Amino acid sequence: MGGLAGMGAGAAAPGQAGEPADRRTLRRVVSSFAPYRRRVAAVALLVVVTAGVGVVNPLLVEVVFDDALFCNGCPDVGLLSWLVAAMVALPVMTGSLGIWQTYLTNALGQRVMQDLRNALYAHLQKMPLRFFTATRTGEIQSRLANDVGGVQTVVTETASSILSNVVIMVSTVIAMLVLSWELTVLSLAMLPVFVWLTKRVGSARRTVSSSTQKTMAEMSALSQETLSVSGVLLSKTFGRQREEIARFREQNAELAGLQIRQQMIGRSFFALVQVFFSVTPALVYLVAGLVIARDGATAISAGTIVAFTTLQSRLFFPIGQMLEVSVQVQSSLALFERIYEYLDLTHEITDAPDARDLPPDTRGAISFRDVSFHYETAPAEAPRRGALEHVSLEIAPGRLAAVVGPSGAGKTTLSYLIPRLYDVTGGAVCIDGIDVRRLTLASLARAIGVVTQETYLFHTSIRTNLLYGDPGATQDQLEAAARAAHIHDRIAEMPDGYDTLVGERGYRMSGGEKQRLAIARVILSDPRILILDEATSALDTVNERLLQNALETLMEGRTTVAIAHRLSTILAADVIFVLDRGRLVEQGTHAQLLEHDGTYARLYEEQFGGGTVEARCADGVVLRSGEVVPAG
Ligand code: ATP
């Protein structure tokens with residue numbers, strides 16, 4: 001839940017101010033059925049018919065006893081046959097209608113769940129990066145899978161059973177009144193006890209249910225984190241398996257305890273209902289006896305008493321179910337609330353109403369105009385240093401800009417502001433002089449390609465991973481991009497070529513291969529602007545050279561902002577920006593900055609001091625650790 005801190009729940013939640021949360025949630029749940037009005041009406045009709053017809057049989061019981069079986073001492077077989085035929089036909093009819101109703105209800109519930117899950121996924125896709133950095137993946141997945149799944153039963157079963165039970169109860173009470181008002185008064189007098197029980201049990205179960213969901217989410221987040229490749233790697237190399245197991249056991253024990261409590265609350269309540277079921281017929285016989293003693297044998301017939309006890313079980317059964325249903329509804333309201341909580345989060349970074357597309361032939365000039373940015377996780381009252389403060393810089397179209405600086409200087413943050421992964425908190429980032437906040441996100445994504453430090457590949461074929469860059473690319477285009485990224489030959493050697501499956505997060509490929517595959521993917525998407533966050537880990541000489549060649553091809557003709565860790569990139573850069581504690585402290589070419597003998601010169605000495613690395617500049621001149629070496 002920590003992830004939601006500061007995310008700003010939107011004002012989108014419908015309902016009146018001051019309305020209780022439960023009712024507001026219920027109103028939203030009901031409104032999700034709105035697109036399926038006709039289906040809802042059909043289901044309701046079927047429910048009313050099947051539930052209403054059910055009252056006829058108990059009424060027939062009275063006629064069977066008083067007029068057919070014991071009429072003047074001998075049975076009226078003719079009438080009895082008709083009555084029995086009706087008593088057989090009616091349940092068969094209601095049973096068949098019930099099957100049809102179940103189908104329609106399920107189909108309806110599934111559609112509503114599908115809509116909800118789709119809405120949630122689409123909403124989450126548009127959430128800003130900030131939301132994901134602050135929320136555990138397991139928590140998000142738990143809401144999408146467990147919570148939406150959890151409400152499924154309620155939507156498919158509970159809604160129709162509520163209507164059905166209401167119809168059964170109303171029709172039964174009417175039938176009871178027709179039979180005997182005294183016995184009806186007795187039955188109804190017991191209702192308040194049930195209502196009181198519902199409230200008690202409902203609130204207890206709700207508390208336990210929401211704790212259970214929370215623990216389940218925590219457990220799934222924990223297992224997700226610790227059983228992933230990176231998590232396992234970490235716990236193995238730090239020898240922390242024992243602690244992880246203990247942590248899991250603790251949560252597992254808590255879950256088991258909660259689930260037992262949940263079951264017990266339901267079960268003890270059910271036991272009480274059963275006691276009522278057994279006790280009430282006995283009370284009916286007693287009251288009937290008292291009435292007959294007072295008013296004579298004709299006051300209540302034997303048929304009336306049998307019919308009444310049958311009706312009574314019809315009354316208490318739905319009441320028992322309604323009590324269960326109300327408990328279920330209350331538990332699932334908690335789940336719905338968790339889903340709506342996410343749906344109400346604002347997207348923050350969206351297209352402005354007057355946003356326009358960045359033209360496909362954009363030149364790709366980038367400028368930062370007095371840009372400041374701070375992450376909002378620090379308490380508002382705490383003095384905070386922005387991740388970026390008053391940064392102004394210009395990058396000409398087609399040029400390579402290297403961003404360097406100590407760890408935590410704000411390099412990554414700076415690169416995130418260009419594709420609007422975050423929005424500036426002050427100043428403006430512009431592409432070709434247009435504030436990126438005035439451009440559509442789709443056109444920005446098309447114009448900007450990002451190669452991150454940690455290469456992320458989907459667990460699917462190499463082809464599908466590459467096609468992510470351009471879904472319409474032909475095999476020839478794929479191969480051309482892979483060749484340009486110097487990965488084609490390696491792919492061709494693999495068992496299934498382009499159809500080879502990449503392991504979980506691409507773990508079956510080497511670091512260098514993954515990087516080159518990621519480069520091929522960006523080459524396919526052909527962005528005008530390239531953001532390159534170079535991996536800090538060193539590669540062997542062969543891989544380094546392949547990567548360097550791939551990068552050179554990739555950067556050709558594009559405006560590139562490189563968070564540079566490799567000397568070759570720094571030396572080839574047209575301009576180097578030096579960041580320190582969120583401020584732009586120096587800028588210039590490598591030679592100029594060395595001469596300036598400031599932060600850059602120090603950094604350079606620390607990172608590359610003594611090493612001699614060759615690099616080719618944009619104009620073909622070969623540089624060796626900053627010295628110009630005659631070409632050739
Ligand atoms: P490195 O070279 O180590 O990757 P960097 O120069 O890229 O560092 P940034 O990642 O841009 O630095 O971070 C700049 C500052 O912002 C740091 O102080 C960092 O702790 C902080 N920061 C980064 N990401 C977040 C976040 N999601 N929430 C809060 N603070 C953050």
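Both ligands and their constituent atoms are indexed starting at 1 by order of listing. None of these values were measured; they are calculated from a predicted model. The figures that follow rest on heavy atoms only: side chains count, while hydrogens, waters and symmetry mates do not.
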Trainee: Are Phe131 and Tyr342, when compared by the centres of their aromatic rings, separated by less than 6.0 Å?
Mentor: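 Ring centres of Tyr342 and Phe131 closer than 6.0 Å.
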
Trainee: May I ask you to decide whether Glu348 forms a salt bridge with Arg130, counting only side-chain N to carboxylate O separations under 4.0 Å?
Mentor: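 Arg130 and Glu348: salt-bridged.
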
Trainee: For Ser407, is at least one N or O under 3.5 Å away from an N or O on ligand 1?
Mentor: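 Yes, at least one N or O pair falls under 3.5 Å.
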
Trainee: Would you mind finding which of Ala134, Gly386, Gly408 brings a heavy atom closest to atom 17 (C) of ligand 1?
Mentor: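 Answer by nearest heavy atom: Gly408.
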
Trainee: Is the closest heavy atom of Gly405 to ligand 1 under 4.0 Å?
Mentor: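 No, Gly405 has no heavy atom closer than 4.0 Å to ligand 1.
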
Trainee: Heavy-atom contacts with Thr413 under 4.0 Å: which atoms of ligand 1 show up? List them by number with element.
Mentor: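 So the atoms of ligand 1 that pass are 9 (P), 11 (O), 13 (O), 14 (C).
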
Trainee: Can you find an N or O of Ala387 that's nearer than 3.5 Å to an N or O of ligand 1?
Mentor: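 Between Ala387 and ligand 1 (N or O atoms, distance only) the closest approach is not under 3.5 Å.
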
Trainee: Report the residues that fulfil side-chain contact (heavy atoms from CB on, under 4.5 Å) with Asn118, sequence neighbours left out, ordered by chain and then residue number.
Mentor: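 Listed in chain order: Gln114.
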
Trainee: Which residue pairs satisfy the side chain to side chain donor-acceptor pair (under 3.5 Å) criterion with at least one member in residues 394-413, sequence neighbours excluded?
Mentor: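 Sorted pair list: Tyr375-Thr413.
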
Trainee: Identify, by atom number and element, the atoms of ligand 1 in contact range of Thr412, meaning under 4.0 Å from any of its heavy atoms.
Mentor: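 Ligand 1 atoms under the 4.0 Å threshold to Thr412: 4 (O), 5 (P), 7 (O), 10 (O), 11 (O).
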
Trainee: Salt-bridged, Glu243 to Arg240, with N to O below 4.0 Å?
Mentor: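 Between Arg240 and Glu243 there is a salt bridge, with a charged N closer than 4.0 Å to a carboxylate O.
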
